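Read the numbers this way: they start at 1 and go in the same order the structure lists the ligands and their atoms. Keep in mind the model is a prediction, meaning the values are calculated, not measured.
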Amino acid sequence: MNSVFQGKSFLKEIDFTKAELEYLIDFAIHLKALKQKNIPHHYLAGKNIALLFEKTSTRTRSAFTTAAIDLGAHPEYLGKNDIQLGKKESVADTAKVLGSMFDGIEFRGFSQKNVESLAKYSGVPVWNGLTDEWHPTQMIADFMTIKEIFGKTAGLTVAYVGDGRNNMANSLLVTGAILGVNVQIVTPESLAPSAEIQSLAKQKAAESGAELVITSDITAGVQGVDVVYTDVWVSMGEESEYEARIKLLQPYQVNQALMDQAGSHAIFLHCLPAFHDLNTEVAQEIQAKYGLTEMEVTDEVFNAPYAHQFQQAENRMHSIKAIMAATLGNLFIPKV
Ligand code: CP
Ligand code: NVA
């Protein structure tokens, strides 16, 4: 009997049920323990994995690369300027070629349609390493981190504060809704999640019992929550938006005063990279133009003992390993 995951792609969170997402989170925790104990787990020995990146990446690229190697597979990085994709060759033609040589494909890029076409035409599992709409592999790492810290996920409340209509907000809202985690998107009205995303999330919440809130009121949105989550104010591909976003989102900066409203047990999470100091080129440009020294999160919060963003970053590797092993490895997982 084949595993319920075998041969499946992970293009967006709704590709998997609540039980399947929970399985991936627990499997990732198990794989982390194996790695820490130096126990080999070569579930993908002899497999070839293509890593396609249209957008830049530190964590996702490193996580897929090291996870593939730990699983005994061979990863091959195919960057935007290295291959014909999009310029001289269609996504469908590229997918057919890659699918004939590689056993699995990761894709990070702009269009969700493209990652879906890759899955359709390649015939091998495709994993979405981030598009404008979704960041599904990040979700397994994030809820894994929450489970490591709180011992559970269901029933907790996560407040996402910031740009409410980007890939991270979409993914957190829908994944929380599937898992029975309450999600509060705290964002100016003009940056609220689309009607389509809200209705999908509501549908999933009705099944799990999760409570969803979309609010522009910071106090109402963060009071007493378990997790405060934020992301950059300007996502990759939207670089012309800095001025408008700074105006809209400055009141939503995650600082100590905001964390104080969340409660003493609350943790802070961020998918990273983060603008919390002036040690980057972009942060220095923003300071010269707009006078800001920190953006979505203050350095104080970023360095606080309740901030777990680096645990979360490490978990990208363990969780991506779980996703690749479950969908491509010949594991015996008859049901979850
Ligand atoms: N969180 C995340 O996806 O990081 P990278 O952009 O560095 O891959
Ligand atoms: N919203 C961010 C996430 C980066 C991991 C972006 O798309 O740039």
With atoms numbered from 1 as shown, which atoms in ligand 2 lie under 4.0 angstrom from a non-hydrogen atom of [X]?
{"X": "Asn166", "value": "1 (N)"}
{"X": "Ser235", "value": "1 (N), 2 (C), 6 (C), 7 (O), 8 (O)"}
{"X": "Leu272", "value": "5 (C)"}
{"X": "Leu130", "value": "3 (C), 4 (C), 5 (C), 7 (O)"}

Hey, what's the ring geometry for [X] with [Y], parallel, tilted or perpendicular (30° and 60° as the breaks)?
{"X": "Phe268", "Y": "Phe302", "value": "perpendicular"}
{"X": "Phe5", "Y": "Phe16", "value": "tilted"}
{"X": "Tyr43", "Y": "His41", "value": "tilted"}

Any N/O of [X] closer than 3.5 Å to an N/O of ligand 1?
{"X": "Pro273", "result": "no"}
{"X": "Cys271", "result": "yes"}
{"X": "Arg316", "result": "yes"}

If only atom types and distance count, is the side chain of [X] paired as donor or acceptor with the main-chain N or O of [Y] below 3.5 Å?
{"X": "Gln312", "Y": "Phe310", "value": "no"}
{"X": "Glu296", "Y": "Phe275", "value": "yes"}
{"X": "Asn170", "Y": "Trp134", "value": "no"}
{"X": "Ser9", "Y": "Leu11", "value": "no"}
{"X": "Thr230", "Y": "Val161", "value": "yes"}

At under 4.0 Å between heavy atoms, which part of Leu272 makes contact with ligand 1: side chain, backbone, both or neither?
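Contact part for Leu272 vs ligand 1: backbone (N, CA, C, O).
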Return yes or no for this condition: an N or O of [X] is under 3.5 Å from an N or O of ligand 2.
{"X": "Arg108", "answer": "no"}
{"X": "Pro273", "answer": "no"}
{"X": "His135", "answer": "no"}
{"X": "Lys55", "answer": "no"}

What are the atoms of ligand 1, with element, lying closer than 4.0 Å to any heavy atom of His135?
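Selected atoms, number and element: 2 (C), 3 (O).
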Taking only heavy atoms of Thr58, which atoms of ligand 1 are found under 4.0 Å from at least one of them?
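Here the atoms of ligand 1 in question are 5 (P), 7 (O), 8 (O).
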So if I apply the side-chain contact (heavy atoms from CB on, under 4.5 Å) rule between Asp163 and each of Glu241, Arg245, Met168, which one comes out positive?
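Testing Asp163 for a side-chain contact (heavy atoms from CB on, under 4.5 Å) against Glu241, Arg245, Met168 leaves exactly one candidate, Arg245.
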